[in-house]
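Since the model is a prediction, treat every value here as computed from it, not as a measurement. In the text below, chain A, chain B and the rest are named by the order of the sequence lines, each starting its count at 1.
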Amino acid sequence: MISSGAHSIAFDECMALTYVGELTQKHHIGLIGNFHVTAALFEETEDPVTDMQRCLSEGKNLPGYVFGLGGPLNRLINVARFEAATMAFLAQRTLPGDGTL
Amino acid sequence: MGKEFLIRALHGDHVAQIPWLPHIGTHAAQLLDVSVQRYLQEAELLAKGALLCVDRYGCDGIPLLDDPTMEAMSLGCTPHWSKQGPPSLISSPLSGFAPEQLSQHLPPLPDETMGHWPTIIAAGKMVKSELEQRDVALVGIAAGPCTIAYQLRGMPLFRDLFRHPECAAQLFAYAGQVSALSARIYAEIIGCDIVAINDTPATMLQPAYFRQYVLPNVQPSWEIIHRAGKTSSFWA
């Protein structure tokens, strides 16, 4: 999939972000993922902000990383939980330093 | 900078802030407080839904439509609408044929005048300039070859892969053409900045089958997207 010829891939919530990131880095393509929508938004067994922070802390070291969902939002969700994660992401996504990740 | 960061990141580059692109599904219907059936079939609601999600969640790119059954419905599959998500398909028009008969019963290839395409194109026109003003990328999501082959053939597809590989290859080649037509409409007619091929059922294939059936049949889509100067993404 990574070597299919696409500029980037999106992968689901079952995959390890860091592992996928190592592979996409080798192929110099982007990667989108992989907020745990099932646990954080559908089943509400995981804290959405904590899972966003997992994505951010693992993704920030990967060139080409794009924060995204590990599956489509195809069920009714508690919008406040999703908003909490996205607002916290927007506040934290710019890294201090020289302006590059 | 949001759109530029997103596109540069999708090409594998370092960018100054992590971009954000949601696999939004049918969530906009919930925000709009309308049924999924209505949301997916009305251009104004698709456009309003995309803008609502952008404004609410601050994303750098937004799918115009995130419905993996859209192509299949224009090929003769019957939908069963659900309250929360995209419709389920309750009939596969090629499921009853012997493998060697498949090539004679492939539906005519769709174009931008068929099925839901006029609605989606109209939604794209409504939303594109609004997104440009917000510096947000418009994303088209086309169904991938395995998704389309599976929707047309149903479960017998997985038997065909190893018992009738030539018939399966013909079906995947056809499905790849449908996928590429969708990619062309998103890239060239609607003018999406990013075109994704969503092929979740392909993850059920063992690697050898993925290489044999899926990889060659996504290439036409990448060629079309890249020739149009757009950014490609493979979702599974």
Side-chain angles (χ1 to χ4, degrees), chain A residues 1-15 24-35 37 41-42 52 55-56 59-77 79 82-83 85-87 89-95 97-101, chain B residues 5-31 36 53 56-61 63 66-68 82-86 141 194 196-200 202-203 210 214-215 218-219 221-223 225-226 230-236:
Chain A
M1 193 177 157
I2 286 171
S3 58
S4 77
H7 291 134
S8 61
I9 62 161
F11 57 100
D12 79 12
E13 58 193 1
C14 301
M15 302 287 288
T24 55
Q25 199 169 351
K26 280 183 193 165
H27 288 78
H28 194 71
I29 66 169
L31 72 160
I32 309 166
N34 72 341
F35 180 79
V37 288
L41 298 178
F42 298 160
M52 177 282 296
C55 294
L56 205 54
K60 71 183 179 187
N61 298 315
L62 299 167
Y65 176 65
V66 173
F67 177 57
L69 307 180
L73 291 182
N74 284 339
R75 286 167 57 172
L76 297 178
I77 59 165
V79 174
F82 187 38
E83 268 182 326
T86 57
M87 292 306 111
F89 166 77
L90 293 174
Q92 296 173 31
R93 68 173 171 172
T94 303
L95 297 178
D98 63 1
T100 56
L101 294 176
Chain B
F5 282 154
L6 173 62
I7 289 172
R8 280 177 48 205
L10 291 177
H11 285 259
D13 293 342
H14 284 282
V15 290
Q17 66 179 21
I18 297 177
W20 154 224
L21 169 58
H23 196 346
I24 203 69
T26 52
H27 179 61
Q30 179 181 353
L31 296 182
V36 170
C53 289
R56 188 146 194 165
Y57 302 118
C59 30
D60 303 301
D66 193 354
D67 174 12
S82 98
K83 282 190 178 170
Q84 297 189 12
I141 306 179
I194 297 160
I197 301 296
N198 187 9
D199 213 11
T200 306
T203 60
F210 185 86
V214 178
L215 277 186
V218 289
Q219 300 312 312
S221 293
W222 304 148
E223 284 165 23
I225 298 163
H226 299 165
K230 310 295 184 174
T231 299
S232 60
S233 199
F234 200 1
W235 294 13

Residue [X] versus chain B: region with a heavy atom under 4.5 Å:
X: Ile9(A); answer: both
X: Phe35(A); answer: neither
X: Met87(A); answer: side chain
X: Ser4(A); answer: both

Most chain B-contacting option - heavy-atom pairs closer than 4.5 Å, from Ile2(A), Asp12(A), Ile32(A):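 The option with the most such pairs is Ile32(A).
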If we define contacts as heavy-atom pairs under 4.5 Å, which of Val79(A), Leu73(A), Leu69(A), Val37(A) has the most with chain B?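 If we count pairs closer than 4.5 Å to chain B, Leu73(A) comes out on top.
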For the rings on Trp222(B) and Phe234(B), is their centre-to-centre separation under 6.0 Å?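 Yes; Phe234(B) has its ring centre under 6.0 Å from that of Trp222(B).
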Under 6.0 Å between the ring centres of His14(B) and Tyr65(A)? no
Using non-hydrogen atoms only, which part of [X] is less than 4.5 Å away from chain A: side chain, backbone, both, or neither?
X: Glu223(B); value: neither
X: Asp199(B); value: neither
X: Ile194(B); value: neither
X: Arg56(B); value: both
X: Tyr57(B); value: both
X: Leu10(B); value: both

Would you indicate whether the side-chain heavy atoms of Ser221(B) and Ser232(B) approach each other to under 4.5 Å? no
Counting heavy-atom pairs under 4.5 Å with chain A, the top scorer among Asp60(B), Val218(B), Leu31(B), Thr200(B) is Asp60(B)
Between Gly85(B), Gly61(B), Ala196(B), who has the most heavy-atom pairs with chain A when the cutoff is under 4.5 Å?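 It is Gly85(B).
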Derivation of the ring pair (Phe, Tyr, Trp, His ring centres under 6.0 Å) call for His7(A) and His226(B): CA-CA 9 Å; His7(A) 291 134; His226(B) 299 165; 4.1 Å; yes
Could you please spell out the steps behind the side-chain hydrogen bond (donor to acceptor under 3.5 Å, both in side chains) verdict for His11(B) and Thr231(B)? CA-CA 8 Å; His11(B) 285 259; Thr231(B) 299; 3.0 Å; yes
Is a side-chain N or O of Gln219(B) found less than 3.5 angstrom from the main chain of Leu215(B), in a donor-acceptor match?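 The answer is yes, because a donor-acceptor pair under 3.5 Å joins these two groups.
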Can you tell me how the ring of Trp20(B) sits relative to the ring of Phe67(A), calling it parallel under 30°, perpendicular over 60° and tilted otherwise? tilted
Point-to-point distance, once rounded to the nearest 0.5 Å, from NE2 of His23(B) to CG of Asp66(B): 5.0 Å
Between Asn74(A) and His27(B), a side-chain donor and acceptor under 3.5 Å: no
